[in-house]
Amino acid sequence: MIVLGSTGSIGVNTLNIARKFNLNIEVLVAGTNIKVLNEQIKEFNPKKVVIANKENLKDVNHNDVSFGEDAILEAIENSTSKTVVNALVGFLGLKPTLKAIQCGKKIALANKESLVVAGKFIDQTKLNPIDSEHFGLWYLLQDKKINSMLVTASGGSFRDYPLESLANVTIKEALNHPNWSMGSKITIDSATMTNKMFELMEAAWLFDIRKLDAIIETKSLIHALINFCDGSTTAHIANASMQLPIAYAILGKCDEEILKPVDLVEVSSLEFRKIETQRYPIWELKDEILNNLDLGVVLNAANEVAVSKFLNGEIGFLDISKMSLDAINKYNNVKPKTIEDIFEIDKEVRIYCES
Ligand SMILES: NC(=O)C1=CN([C@@H]2O[C@H](COP(=O)(O)OP(=O)(O)OC[C@H]3O[C@@H](n4cnc5c(N)ncnc54)[C@H](OP(=O)(O)O)[C@@H]3O)[C@@H](O)[C@H]2O)C=CC1
Ligand SMILES: CC(=O)[C@@H](O)[C@H](O)COP(=O)(O)O
Ligand SMILES: [Mn+2]
């Protein structure tokens with residue numbers, strides 16, 4: 001298989017599954033973490049390697065290594081693998097998702113931004129989501145009439161902070177997720193609740209449903225719930241590890257133990273909370289976004305610019321949501337008709353947010 005973003009949180013977990021099931025790795029794609037990449041090359045012996053930048057080429061221990069976004073697309077096109085794991089972060093992941101579909105490959109998709117920005121141009125039948133909540137929803141699906149679907153949120157790094165302190169929180173505090181060890185961008189998205197907004201959009205595309213909501217479950221042990229029309233609710237419970245969703249996304253089915261089951265007596269209690277807009281201002285957009293998924297490309301572009309500014313120390317934590325809300329307010333009429341429109345809108349919103 002091909003692993004895009006092999007040195008990241010999902011990438012490393014994917015290679016853990018590849019090791020466990022002795023899966024062949026044809027292509028590794030990474031950014032700038034050449035040390036980890038070289039260790040992966042040594043262990044998995046890929047035929048082809050792609051990295052982000054030309055200046056790092058000489059440091060990669062491989063005789064077929066290229067760089068840049070086009071090289072990622074070429075590597076997908078020239079490969080014989082049937083499966084692509086897309087664990088790139090952000091808008092960068094969209095073209096590889098489209099290319100993999102075009103080449104008839106199955107995609108194990110962690111890059112939720114692909115669906116957020118361009119869900120209506122993506123054939124969902126080619127995707128297996130690598131996202132704990134959507135894996136949970138998929139696991140719970142039965143041949144019964146569904147009323148609504150719920151995903152859970154941890155509440156992110158600042159769920160227990162006093163509201164008045166949020167204006168002055170640090171980058172280090174924001175990166176301290178209570179339950180999951182993930183890349184920086186998604187960890188900030190969790191703290192603002194933008195990750196959950198993305199996940200509602202992701203669920204809308206994957207399951208073709210709009211009756212969707214999210215609640216906070218502070219231990220991240222329940223990942224998803226389905227309310228059936230008969231009045232019963234089922235919940236997906238698993239320890240907080242991405243290895244289970246990754247194993248299913250790659251293998252299709254799995255009867256071996258990937259995780260230890262949750263010991264409910266040891267857990268003893270669970271706590272649920274409503275997602276309040278005072279703490280998570282982005283949640284004001286929930287209904288508007290679910291009624292108009294075209295806004296995903298706007299929200300994603302504004303959020304990527306804002307998160308990058310926050311991580312560079314240029315803006316405060318609360319400014320992230322402010323920038324997203326402002327961009328949605330300005331671009332609430334977008335109507336992408338082609339995939340090219342997605343790239344145009346993304347560019348325009350980024351220019352607006354950078355200025
Ligand atoms: N982490 C998690 O548990 C979950 C993540 N997701 C989603 O999965 C995706 C990946 O998340 P995560 O693994 O946390 O992110 P990370 O930041 O940990 O990993 C991102 C990966 O992309 C690589 N990369 C970045 N820029 C480039 C580039 N220009 N060219 C090539 N490679 C590049 C990085 O390389 P390098 O590090 O070498 O620079 C790294 O391998 C995101 O869309 C996220 O929302 C979804 C659910 C759970
Ligand atoms: C592991 C995973 O799927 C993440 O998307 C996780 O859900 C993020 O945590 P939050 O629930 O805090 O957004
Ligand atoms: Mn998730």
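Values below: every heavy atom of this structure, side chains too, minus hydrogens, waters and symmetry copies. Just so you know, ligand 1 is whichever comes first in the structure, and atom 1 is the first atom listed for that ligand.
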Q.
Quick test: of every protein heavy atom, which one is nearest to atom 47 (C) of ligand 1, and how far off is it to 0.1 Å?
A. D131 OD1, 3.5 Å
Q.
Under a 4.0 angstrom heavy-atom cut-off, which atoms of ligand 1 come close to N33?
A. 36 (P), 38 (O), 39 (O)
Q.
Between K145 and D230 (salt bridge meaning N to carboxylate O under 4.0 Å), is one present in this structure?
A. no
Q) Taking C-beta and beyond as the side chain, do H223 and P245 meet within less than 4.5 Å on heavy atoms? A) no
Q) Where is the nearest protein heavy atom to atom 7 (O) of ligand 2: which residue, which atom, and how far? A) E133 OE2, 2.4 Å
Q: For the pair R350 and E348, find out whether any cationic side-chain nitrogen is under 4.0 Å from an anionic carboxylate oxygen.
A: no
Q: Considering the heavy atoms of H177, write down every atom of ligand 2 situated less than 4.0 Å from one of them.
A: 9 (O), 10 (P), 12 (O)
**Q.** Side-chain touch L4/V85, heavy atoms, less than 4.5 angstrom
**A.** no
**Q.** E113, portion touching ligand 1 at heavy-atom distance under 4.0 Å
**A.** side chain
Q. Is ligand 2 under 4.0 Å from a heavy atom in the side chain of M242, in the backbone, in both, or in neither?
A. side chain
Q.
When you compare ligand 1 with G183, is there at least one nitrogen or oxygen pair between them that comes in under 3.5 angstrom?
A. yes
Q. Is it the side chain, the backbone, both or neither of M182 that has a heavy atom closer than 4.0 Å to ligand 1?
A. both
Q. Between the side chains of T7 and N33, is a donor N or O closer than 3.5 angstrom to an acceptor N or O?
A. no
(Q) Are the side chains of P96 and V84 in contact, using a 4.5 Å heavy-atom criterion? (A) no
Q) Do the side-chain N and O atoms of E288 and N292 include a donor-acceptor pair separated by under 3.5 angstrom? A) no
Q. What do you reckon, does G5 have a nitrogen or oxygen under 3.5 Å from a nitrogen or oxygen of ligand 1?
A. yes
Q: Please confirm whether S220 comes within less than 3.5 Å of ligand 2 when only nitrogen or oxygen atoms on both sides are compared.
A: no
Q | Polar side chain donor-acceptor pair, N147 to K211, under 3.5 angstrom | A | yes
(Q) Checking N227 against T233: is there a side-chain donor and acceptor pair closer than 3.5 Å? (A) yes
Q. Can you list the ligand 1 atoms lying under 4.0 Å from a non-hydrogen atom of N111?
A. 43 (O)
Q. So which protein heavy atom does atom 39 (O) of ligand 1 come closest to, and at what separation?
A. T32 N, 2.9 Å
Q. In ligand 2, which numbered atoms sit nearer than 4.0 Å to a non-hydrogen atom of A153?
A. 11 (O)
Q. Starting from atom 2 (C) of ligand 1, which protein heavy atom do you reach first, and at what distance in Å?
A. I10 CD1, 3.5 Å
Q) Should K112 be listed as contacting ligand 1, given a heavy-atom distance under 4.0 Å as the test? A) yes
**Q.** Closest E133 atom to the Mn ion (ligand 3) [N, O or S only]
**A.** OE1
Q: Could you tell me which N, O or S atom of D131 is nearest to the Mn ion (ligand 3)?
A: OD1
(Q) For residues I320 and M201: do they belong to one hydrophobic cluster (side chain heavy atoms under 4.5 Å, members Ile, Leu, Val, Met, Phe, Trp, Tyr)? (A) no
Q | E199 atom (N/O/S) at minimal separation from the Mn ion (ligand 3) | A | OE2
Q: Kindly confirm or rule out an N or O of S181 lying under 3.5 angstrom from an N or O of ligand 1.
A: no
Q: Select one of side chain, backbone, both or neither to describe which atoms of T7 lie under 4.0 Å from any atom of ligand 1, heavy atoms only.
A: both
Q: Establish, from distance only, whether the side-chain atoms of N300 and E113 form a donor-acceptor pair under 3.5 Å.
A: no
Q | S190 neighbourhood, listing ligand 2 atoms whose heavy-atom distance to it stays under 4.0 Å | A | 8 (C), 9 (O), 10 (P), 12 (O), 13 (O)
Q. What part of L92, side chain, backbone, both or neither, has a heavy atom within less than 4.0 angstrom of ligand 1?
A. side chain
Q: Could you tell me if the ring centre of H236 sits under 6.0 Å from that of F135?
A: yes
Q.
Would A52 count as a polar contact of ligand 1, with the cut-off being nitrogen or oxygen pairs under 3.5 Å?
A. no
Q | Residues T97 and N86: side-chain donor-acceptor under 3.5 angstrom | A | yes
Q. Do T277 and E284 have side-chain N/O donor and acceptor atoms under 3.5 Å apart?
A. no
Q) With distance as the sole criterion, is a donor-acceptor pair present between the side chains of D189 and N303 under 3.5 Å? A) yes
Q. Can you find a side-chain donor-acceptor pair between K47 and S79 that sits under 3.5 Å?
A. no
Q) Got the closest protein heavy atom to atom 31 (C) of ligand 1, with its distance? A) A30 O, 3.1 Å
Q) Which bit of S9 gets closer than 4.0 Å to ligand 1, counting heavy atoms only: side chain, backbone, both or neither? A) both
Q) Should one rank A240, S181, S132 by closest heavy-atom distance to atom 3 (O) of ligand 2, which comes out on top? A) S132
Q. Who's the nearest protein heavy-atom neighbour of atom 12 (O) of ligand 2, and how far?
A. S154 OG, 2.5 Å
Q. Do side-chain atoms of Y280 reach the backbone of G155 as a donor and acceptor pair under 3.5 angstrom?
A. yes
Q: Measure the distance from atom 5 (O) of ligand 2 to every protein heavy atom, then report the residue, atom name and distance (to 0.1 Å) of the closest one.
A: E199 OE2, 2.8 Å
(Q) Would K330 pass as a cation-pi partner of Y352, given that its NZ or CZ must be under 6.0 Å from the six-membered ring centre and within 45 degrees of the axis? (A) yes
Q) What protein heavy atom sits nearest atom 44 (C) of ligand 1, and how far off is it? A) I186 CD1, 3.8 Å
**Q.** Short side-chain to backbone donor-acceptor contact, E276 and R279, under 3.5 Å
**A.** no
Q | Donor + acceptor pair across side chains of K144, S232 (<3.5 Å) | A | no
Q. Backbone or side chain, does any N or O of G31 fall under 3.5 Å from an N or O of ligand 1?
A. yes
Q. How close does the nearest protein non-hydrogen atom get to atom 10 (C) of ligand 1, and which residue and atom is it?
A. A87 O, 3.4 Å
Q: Record the part of S6 in heavy-atom contact with ligand 1 below 4.0 Å; permitted values are side chain, backbone, both and neither.
A: backbone
Q. Taking heavy atoms and a distance under 4.0 Å, where does K112 meet ligand 2: side chain, backbone, both or neither?
A. side chain
**Q.** Any N or O of S184 closer than 3.5 Å to N or O of ligand 1
**A.** no
Q | Minimum-distance protein heavy atom relative to atom 9 (C) of ligand 1 | A | L88 O, 3.4 Å
Q) Would you say N111's side chain and S114's backbone share a donor-acceptor pair under 3.5 angstrom? A) yes
**Q.** atom 13 (O) of ligand 2 - nearest protein heavy atom and its distance
**A.** N195 ND2, 2.8 Å
Q.
Taking 4.0 Å as the limit for heavy-atom contacts, which would you say applies to I186 with ligand 2: side chain only, backbone only, both, or neither?
A. side chain
Q.
Among all the protein's non-hydrogen atoms, which is closest to atom 19 (O) of ligand 1, and how far away is it?
A. G8 CA, 3.2 Å
(Q) Check this for me, if you would: do K99 and E77 make a salt bridge, where the nitrogen-to-carboxylate-oxygen distance has to be below 4.0 angstrom? (A) yes
Q | Closest protein heavy atom (residue, atom, distance) for atom 4 (C) of ligand 2 | A | M182 SD, 3.7 Å
